[in-house]
Amino acid sequence: MRAVWLREFGGPEVLVPGTAPDPAPGPGQVLVDVAHANITFVETMFRATGFGPFGAELPLIPGNGVGGTITELGPGVDPALAGRVVVTATGGVGGYAERVVVDQGAPVPVPPGLAPDAAVALMADGRTALMLARAAGLRRGDRVLVEAAAGGVGSLLTQLAAASGATVVAAAGGPAKVARLRAAGVDVAVDYRQPGWADRVRDAVGAVDVVFDGVGGPLAREAFDLLAHGGRMLSYGLASGAWADIPAESATARGVTLLSPRPDPDELRALTEAALAEGAAGRLRPVIGQRFPLERAANAHAAIEARQTVGKTLLDVR
């Protein structure tokens, strides 16, 4: 089968297309013919440095989320799973390939009315956005600041915040992304690469009640300083290369709650199912900003690292 290999850590060019043996499902496993593979920022960091949650040894085929069709069943698997269109995590490796084998309990069915590529775009980002929005307890009248609002998770958070009746302040890097956010109808859009961006937020809405921090680093501190007493901050990403470093005592002194939801595997699956259902109903609309064929995974990683992407980046395998 066609696949993309990572044999050494480094720049995007270390992702090399090639071939790999076709996998075969064992007892309790299924084989998925992959149509689309999800790319996350964490995968670019793992490729560059080996940092990440995957804990795998080189050489390997990277990729942790795919969508496609179950075409083969291992011994003891329910025959009803054959032919089902699904999304699934792979355990951290194997996703940049034409076929993957996973345990039969891993795939989540794609509901009718949701396109397979949209399902892949929602699989990780949708469940993350739902988890964060629920943990924040969004309510009508909240002033909600979404960092990295043009990204995969951020674009979904702006939708969820708007649906809750909140005033949405969308922050992104660069004029093109800000213009895109304004065209999407957010209440306030600012470029956090520009000096004084936080002052522009204050001028527009005053303090904010909720911060969704997908950037981390110094920008997260600036966003924290915008929070009103009783505000909530949720950090979920490190697009800057570093997590937010907000001391607990600083939050307590400001009357701010730092929220870090930690769902267990059953809760993650339920969040994934809910995100797909919301997508099928038209209430969550993933932005697929760029698509690359499997063999151009290196180009996809380069675009993400250059901050040239919006929404979700997919590899189209079929």
Side-chain angles (χ1 to χ4, degrees), residues 37-43 45-46 51-56 63-67 86-95 100 102-111 114 118-139 142 144-149 151-161 163-164 166 209-216 220 231-239 243-244 246 248 251 256-281 283-286 311-312:
N38 173 38
I39 299 180
T40 65
F41 182 75
V42 169
E43 289 171 13
M45 294 186 65
F46 176 72
F51 169 81
F54 308 124
N64 187 49
V66 301
V86 298
V87 294
T88 185
T90 65
V93 297
V100 300
V102 296
D103 290 340
Q104 62 178 327
V108 177
V110 175
L114 185 62
V120 176
L122 283 171
M123 178 179 62
D125 289 356
R127 75 184 178 203
T128 299
L130 278 179
M131 174 189 70
L132 294 167
R134 292 176 179 179
L138 296 179
R139 49 186 177 260
D142 275 342
V144 177
L145 171 60
V146 181
E147 301 170 14
V153 175
S155 61
L156 297 172
L157 283 169
T158 63
Q159 295 173 35
L160 291 167
S164 75
D209 302 294
V210 177
V211 168
F212 291 117
D213 166 41
V215 177
R232 296 93 77 197
M233 183 167 184
L234 301 95
S235 293
Y236 67 92
L238 64 169
W243 288 105
I246 308 297
V256 168
T257 302
L258 303 177
L259 296 168
S260 300
R262 295 284 188 269
D264 62 30
D266 289 340
E267 291 168 329
L268 277 176
R269 184 179 180 90
L271 285 164
T272 304
E273 292 171 343
L276 298 183
E278 290 294 289
R283 290 187 291 267
L284 268 185
R285 301 173 302 281
K312 174 53 62 181

Under 3.5 Å: donor-acceptor pair, side chain of [X], backbone of [Y]:
| X | Y | answer |
| --- | --- | --- |
| D213 | L234 | no |
| T158 | V146 | no |
| E147 | A220 | no |

When you compare the side chain of M131 with that of P261, does any pair of heavy atoms fall below 4.5 Å?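 P261 reaches M131 side chain to side chain.
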
I want to check something: taking the side chain as every heavy atom from C-beta on, are V110 and V120 in contact at a cut-off of under 4.5 Å?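 They are not in side-chain contact.
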
Where [X] and [Y] come nearest, the two heavy atoms and their spacing:
| X | Y | value |
| --- | --- | --- |
| K312 | T40 | NZ-CG2, 4.3 Å |
| Y236 | F212 | CE2-C, 4.0 Å |
| L259 | A136 | CD1-CA, 4.2 Å |
| E43 | N64 | OE2-N, 3.3 Å |
| G94 | V100 | O-CG1, 3.0 Å |

Please identify each residue that fulfils ring-ring contact (aromatic ring centres under 6.0 Å, His included) with F46, with sequence neighbours left out.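 Once residues adjacent in sequence are excluded, the partners of F46 under the ring-ring contact (aromatic ring centres under 6.0 Å, His included) criterion are F9, F54.
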
Can L156 and L122 be said to form a side-chain contact (heavy atoms from CB on, under 4.5 Å), step by step? CA-CA 9 Å; L156 297 172; L122 283 171; 3.9 Å; yes

Measure the CE-OG distance between M233 and S260 for me, rounded to the nearest 0.5 Å.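 Rounded to the nearest 0.5 Å, the CE-OG separation comes out at 10.0 Å.
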
If we check side chain to side chain contact (heavy atoms under 4.5 Å, CB included) with L138, which of these qualifies: D209, V144, L157?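 Option passing the side chain to side chain contact (heavy atoms under 4.5 Å, CB included) with L138: V144.
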
Just list the side-chain donor-acceptor pairs under 3.5 Å for residues 265-278, sequence neighbours left out, or say none.
residue, atom, partner, partner atom, Å
E267, OE1, D264, N, 2.8
R269, NE, E273, OE2, 3.3
R269, NH1, G105, O, 2.9
R269, NH1, A106, O, 3.3
R269, NH1, P107, O, 3.2
R269, NH2, P107, O, 2.9
T272, OG1, R127, NH1, 3.3
T272, OG1, L268, O, 2.9
E278, OE1, R283, NE, 3.0
E278, OE2, R283, NE, 3.2
E278, OE2, R283, NH2, 2.9

